[in-house]
There are 2 protein chains.
Amino acid sequence: MSSRPRLLITAGPTREHVDPVRFLSNASTGAQGAALAEEALARGCIVDFVHGPLAVPVPAGVIAHAVVSAQDMLDAALRLHPACDAVIGAAAVSDFRPRETTAGKRKRGSGAWTLELVPTADILRALGERKGHRVHAGFALETDDLAANALRKLHEKQLDWLVANSPQAIGAAESRYLLLGRDGTQRDLGVLTKRALAAVLLDVLLGPVRP
Amino acid sequence: MSSRPRLLITAGPTREHVDPVRFLSNASTGAQGAALAEEALARGCIVDFVHGPLAVPVPAGVIAHAVVSAQDMLDAALRLHPACDAVIGAAAVSDFRPRETTAGKRKRGSGAWTLELVPTADILRALGERKGHRVHAGFALETDDLAANALRKLHEKQLDWLVANSPQAIGAAESRYLLLGRDGTQRDLGVLTKRALAAVLLDVLLGPVRP
């Protein structure tokens, strides 16, 4: 890794439009991604910050790349990946999108409505297939079987590190985290603020050195 | 109307949860509702501000009532309506919600997914049925046949005033508006900021007097 590592960080939710007005999304604020970017900048990294619509400011100093949908985020990530040394997928990417996006806004009066959803592209998995020498880390939000589901994701996406937490983390000031490593590491990190978690994750990604 | 009118203003989007993490929503920021509340406060009104998750701050001085879903917003509006002199429905309420909300988070690996959507309760229509002496105003966001659809909504919801605009207004600093009145008024308001539109609407609702 070069003396000034270049990080690709994804942050925030994506929006999958049903029509020009409505979309499927989630309550991610982008605060975890922003905390990671701030910690990385403080350590002298160059940060490519690919973000959906955020409820927090884009951190000053990042190279910002605003996107809306999971497909937009994938396109941006694939474009930026070759130049980066490490990836942290902190975005809460929509797993599903409507099969079709309609041009007009559907009216309430038209009654019940069946919406066909299909899986979106898996961004970290796609980047994992192009991993090369890079270090990759991701997050897993699990409602049940936290450790087992997280470990499966770590291998499927060819991640080196994965932070697992539960939906209570969304929008919360602090949360309980589990850190899993490809090397077999399983560390209960306890309750941490998002910035403290960012410091732990950057320590394992880049080594515990600070400029 | 009393010397210090009490306004019920709804603002922002609602979120209709599919599961603990995902929801259907729209890109409303709540900026129009906030501008209306600020203008009403500046004119000496008491403001009950019923709002979904906002991308702007809740205006200082309102009586704030935070909600998530269309049903939550309806419940709050019905509770507050009897004490108010006027209503402005500026929220971008979800017209549809999932028929069922599942307890766990569905996995991407489970393939395509059919989501059953049903219409939500129509808040302004429900308030219209209890209108009494009150003045009611609403907004209509239309992708086609703007004036015709807006006029139909005005009558269906027993509104006195309705502001019609197109989806470009969402998140925009200014937009082009059409004002319709139960008395037959049709005024093209031209391009206005949200605060200027708030002033026009409060003029017609409360009369052009300022304290």
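The sequence lines fix the lettering, A, B, ..., with proteins before strands; numbering per chain opens at 1. Computed from a predicted structure; not experimentally measured.
Distance CG/Leu162(A) to CG/Leu179(A): 8.5 Å, rounded to 0.5 Å.
When the salt bridge (Lys or Arg N to Asp or Glu O under 4.0 Å) test is applied to Asp188(A), the partners found at least two apart in sequence or on another chain are Arg176(A). Remark: Ala148(A) engages Asp145(A) in a side chain to side chain contact (heavy atoms under 4.5 Å, CB included) (not counting sequence neighbours).
Within the 4.5 Å cutoff, the side chain of Trp113(A) has heavy atoms near those of the Val18(A) side chain.
Listed by first and then second residue, the ring-ring contact (aromatic ring centres under 6.0 Å, His included) pairs involving residues 115-160 of chain B are His81(B)-His136(B) (not counting sequence neighbours).
No side-chain N or O of Glu100(A) forms a donor-acceptor pair with one of Thr102(A) less than 3.5 Å apart. If you check the side chains of Glu116(B) and Thr114(B), you find no donor sitting under 3.5 Å from an acceptor.
Against chain B, the residues from residues 118-126 of chain A that qualify, each with a non-hydrogen atom under 4.5 angstrom away, are Val118(A), Pro119(A), Thr120(A), Ala121(A), Asp122(A) in number order.
Chain A forms more heavy-atom pairs under 4.5 Å with one residue of Ser25(B), Pro98(B), Ala112(B), Ala103(B) than with any other, namely Ser25(B).
Neither the backbone nor the side chain of Arg97(B) comes within contact range of chain A; no heavy atoms are under 4.5 Å apart.
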